[in-house]
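Inspection log for the structure reproduced underneath, given as structure tokens.
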Amino acid sequence: MTYQTVVTDLSDVKRIHQQMDLYLKPIAKVYITVSLPKLKIAGQTISNWELQKKLKELCAPLILKTFTVSKSTMEYIRFESEVSNRASVKSYVAALDYKSIKLAGFPEILKVNCSEAKSSFPTRQDWDEYFGDSNLFDETQPGERPDTIYLSGVPCQFFSDSKTGIVSTDKVDKLFSVYGKVRNIDIPMLDPYRSDVKSSSTKNFKPFSYVNDAQLSFAMYVQFQNYPSFEECMSSFRNMKLLLLENSDKAVAVSIKVDFDRSKHLSDQSIRHRLMEKEKIEKLQRQREEEKRKEKEKAEEKVRRKEEEARREQEVRRQRREERRKRKKQEKDMQIAAAKAAYRIAMEERKLKFASRRLEAIRLVTYLCQRVQRDIEAEETERKRRNARELRVVEERKRKEVEEKKQRFYKEHELKSRILKRKLEEEYKYGRRSNNTANNQQQQKQQRSSTSSSNRR
């Protein structure tokens with residue numbers, strides 16, 4: 001599995017291509033060996049986490065970021081830890097070598113040894129011996145000589161196309177063309193038939209791998225035209241990590257496996273063999289597709305027949321429903337017609353009843369109107385008769401009142417005349433004749449005024 005680490009120290013990085021953000025960073029690792037005590041109690045264990053914590057405290061102020069158990073036995077355990085750069089390796093060795101730690105629950109003191117990790121990168125002697133001592137290779141043929149580099153565990157994001165997100169062969173060619181002319185490049189991940197080729201060529205079981213299935217990393221073969229390009233590339237990648245500078249503040253590095261090709265992967269014979277296998281697989285694929293197509297057609301035909309039968313049954317059921325619906329509609333129409341006829345008869349009877357009742361009502365109203373008219377005329381005649389009687393009574397009363405007023409006036413006039421006569425006689429007797437004359441005149445005026453007023457009344 002490929003582990004990516006964030007790198008902050010960029011002092012020792014080397015750029016591979018001027019137009020790409022890929023760099024090489026030297027691998028700096030140390031081996032830390034801790035001697036283990038004898039376990040005297042059954043079930044007693046030693047915690048790797050506690051050991052790592054003690055080693056970090058022992059190494060302070062230097063920082064140990066990663067720990068990987070490279071070897072573990074009953075006598076000792078060996079950790080592999082990566083440091084920031086090669087210049088600090090000696091500082092880590094000086095801080096940890098020949099030191100001791102003590103764990104809780106163990107009386108013994110544990111000795112610590114530290115040394116720089118040895119490189120397992122292949123050398124020129126390795127590929128010279130591999131290709132020179134064997135009779136299975138022909139150095140005149142490409143792929144059967146030291147000209148192909150095999151790289152595995154390369155993150156896909158380092159060489160992926162920004163638009164498609166797929167590993168780009170052009171980027172790989174552009175990067176490795178720095179060391180010389182590239183003859184051929186093969187990335188098995190980009191060939192959809194490669195897994196089938198491998199399965200057909202070998203019967204070994206391949207376990208599930210999340211990294212491979214998720215396509216987070218890939219392997220590739222890079223073949224150069226000549227040996228100096230191959231040697232320069234191997235020398236450049238010796239004990240180096242591949243680093244991607246994403247921006248000025250962030251860089252990601254990964255330790256990739258670099259080796260020379262030992263399987264003639266890009267030899268003409270291997271390429272022809274893969275092409276033949278690919279053609280076989282394509283043929284098998286076509287056969288499988290044809291079989292699938294036929295099976296699909298059979299299944300579709302079966303489904304079609306079932307659908308046809310279902311449609312026929314559905315049509316029969318539909319016709320039966322239609323007949324039932326027609327019968328129900330006819331019965332309903334007959335019921336509605338009968339109901340309408342009964343309704344019309346009832347309405348005619350009702351109209352006839354209403355007409356007879358109306359005629360009776362008209363006769364009754366006419367009789368009542370005539371009777372009321374006679375009553376009104378009788379009442380009017382009686383009222384006129386009463387009014388005439390009342391008018392005669394009123395006129396008689398008024399006439400009597402006038403007569404009574406006239407008689408009263410005459411009586412008053414007569415009485416006043418008598419009184420005046422008596423007064424005149426008395427005044428005459430006593431010698432007040434002059435005065436009585438004036439008074440008589442005044443009284444006469446008053447009498448005349450009273451008479452005129454009574455006449456007006």
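Predicted, not measured: the structure shown is a model, and the values here were computed from it.
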Please report the C-alpha distance between M220 and F176 in whole Å, then the side-chain angles of each, then the deciding distance to 0.1 Å, and finally whether the side-chain contact (heavy atoms from CB on, under 4.5 Å) criterion is met. CA-CA 12 Å; M220 59 181 171; F176 286 95; 3.7 Å; yes
Neighbour count >12 (heavy atoms, 6.0 Å) for atom CZ, R389: yes
Give a yes-or-no answer on whether the side chains of K111 and Y98 include a donor-acceptor pair shorter than 3.5 Å. no
For residues L244 and L22, report the shortest heavy-atom separation together with the two atoms involved. CD1-CD2, 3.8 Å
Tell me, please, whether F224 has R183 positioned over its six-membered ring: NZ or CZ under 6.0 Å from the ring centre and within 45 degrees of its axis? no
Here the pair of heavy atoms bringing Y150 nearest to A219 is OH-CB, 3.7 Å
Looking at CG of L51 and CZ of F79, how far apart are the two atoms once the value is rounded to the nearest 0.5 Å? 5.0 Å
For a salt bridge (charged side-chain N to carboxylate O under 4.0 Å, His left out) check, start with the C-alpha distance between E331 and K328, then their side-chain angles and the critical distance, and finish with the verdict. CA-CA 5 Å; E331 293 175 357; K328 289 182 180 179; over 6 Å; no
Give the minimum heavy-atom separation between I149 and L151, together with the two atoms involved. CG2-CD1, 3.6 Å
Would you mind checking if D261 and K264 are paired as a salt bridge, meaning a charged N to carboxylate O distance below 4.0 Å? no
Using atom types as modelled and distance alone, determine if a side-chain donor or acceptor of S70 lies under 3.5 Å from a backbone N or O of R78. yes
Working for side chain to side chain donor-acceptor pair (under 3.5 Å), residues K71 and Y76: CA-CA 8 Å; K71 190 174 182 180; Y76 67 90; 3.2 Å; yes
State, with a plain yes or no, whether a side-chain heavy atom of S217 is found less than 4.5 Å away from one of V154. no
Output the distance between atom CG (D375) and atom CD (E382), rounded to the nearest 0.5 Å. 13.0 Å
Assess the side chains of S88 and S91: does a donor N or O sit below 3.5 Å from an acceptor N or O? no
Quick one: does any side-chain atom of R145 pair with a main-chain N or O of D147 as donor and acceptor, under 3.5 Å? no
Of all heavy-atom pairs between S236 and Y179, which one has the smallest distance, and what is that distance? OG-CE2, 3.2 Å
Given the rule in the ring pair (Phe, Tyr, Trp, His ring centres under 6.0 Å) test, do F121 and F237 qualify, once you have shown the distances and angles that lead to the verdict? CA-CA 9 Å; F121 197 87; F237 276 85; 8.2 Å; no
So that I can tick it off, tell me whether R311 and E308 are bridged by a salt bridge, with the cut-off set at under 4.0 angstrom between side-chain N and carboxylate O. yes
Between R371 and Y367, is NZ or CZ placed under 6.0 angstrom from the six-membered ring centre and within 45° of the ring axis? no
Are L266 and R274 close enough, and set up right, to give a side-chain contact (heavy atoms from CB on, under 4.5 Å), and what steps lead you there? CA-CA 10 Å; L266 291 179; R274 283 196 298 275; 3.9 Å; yes
Is it true that a side-chain atom of R262 and a backbone atom of Y130 form a donor plus acceptor pair closer than 3.5 Å? no
Once you round to the nearest 0.5 Å, how far does CE of M189 lie from CD1 of I166? 8.0 Å
To the nearest 0.5 angstrom, please state how far the OG atom of S152 sits from the CD1 atom of I256. 8.0 Å
Y92 vs E116, test: side-chain contact (heavy atoms from CB on, under 4.5 Å). Steps then yes/no. CA-CA 9 Å; Y92 282 93; E116 184 177 359; over 6 Å; no
Checking the side chain of D173 only, and the main-chain atoms of T169 only, is there a donor and an acceptor separated by less than 3.5 Å? no
What is the minimum heavy-atom distance between L110 and P37, and which atoms define it? CD2-CD, 3.2 Å
Test salt bridge (charged side-chain N to carboxylate O under 4.0 Å, His left out) on E297 and R293 and set out the steps. CA-CA 6 Å; E297 288 179 354; R293 186 184 62 79; 2.3 Å; yes
Electrostatic pair R374:E377 at N-O distance under 4.0 angstrom: no
Are Q125 and E129 linked by a side-chain donor-acceptor pair shorter than 3.5 Å? yes
Atom CD1 of I109 with >12 non-hydrogen neighbours under 6.0 angstrom: no
So if I apply the side chain to side chain donor-acceptor pair (under 3.5 Å) rule between E322 and each of Q319, R320, R325, R318, which one comes out positive? R325
Is there side-chain contact between P142 and Q223, with at least one heavy-atom pair below 4.5 Å? yes
Do D186 and H265 have side-chain heavy atoms sitting under 4.5 Å apart? yes
Min side-chain heavy-atom separation Q269-H273 under 4.5 Å: no
Test salt bridge (charged side-chain N to carboxylate O under 4.0 Å, His left out) on K29 and E80 and set out the steps. CA-CA 7 Å; K29 293 182 181 180; E80 182 181 306; 2.9 Å; yes
Closest heavy-atom pair, I32 versus C114, reported as atoms and distance to 0.1 Å, is CG1-SG, 4.2 Å
Salt-bridged, K171 to D161, with N to O below 4.0 Å? no
Determine the interplanar angle of the F230 and W127 rings, folded into 0 to 90°, and report it as parallel if under 30°, tilted if 30 to 60°, perpendicular if over 60°. perpendicular
Which residue is it: T68, V30, L55? I am looking for the one with a side chain to side chain contact (heavy atoms under 4.5 Å, CB included) to S81. V30
Any side-chain heavy-atom pair from I101 and V34 closer than 4.5 angstrom? yes
Output the distance between atom CZ (R286) and atom NZ (K292), rounded to the nearest 0.5 Å. 14.5 Å
Just by modelled atom types, is the P26 backbone N or O under 3.5 Å from a matching donor or acceptor in the K241 side chain? no
Determine whether V372 and C369 make a side-chain contact, defined as any pair of heavy atoms from C-beta on separated by less than 4.5 Å. no
Measure the shortest side-chain to side-chain distance between T73 and I77 over non-hydrogen atoms and say whether it is less than 4.5 angstrom. no
Decide side-chain contact (heavy atoms from CB on, under 4.5 Å) for L175 and M20; before the verdict, give the C-alpha distance in whole Å, the side-chain angles of both, and the deciding distance to 0.1 Å. CA-CA 8 Å; L175 180 72; M20 300 179 71; 4.0 Å; yes
Using only atom types and a distance under 3.5 Å, with no angle test, would you say the side chain of D191 pairs donor to acceptor with the backbone of P188? no
Between the CD atom in E291 and the NZ atom in K298, the distance rounded to the nearest 0.5 Å is 10.0 Å
Within a radius of less than 6.0 Å around CE of M347, do more than 12 heavy atoms belonging to other residues, nucleotides or ligands occur? yes
For Q314 and R317, test the side chains for any donor-to-acceptor distance below 3.5 angstrom and give the result as yes or no. no
Just wondering, do R124 and S235 contact through their side chains at under 4.5 Å, heavy atoms? no
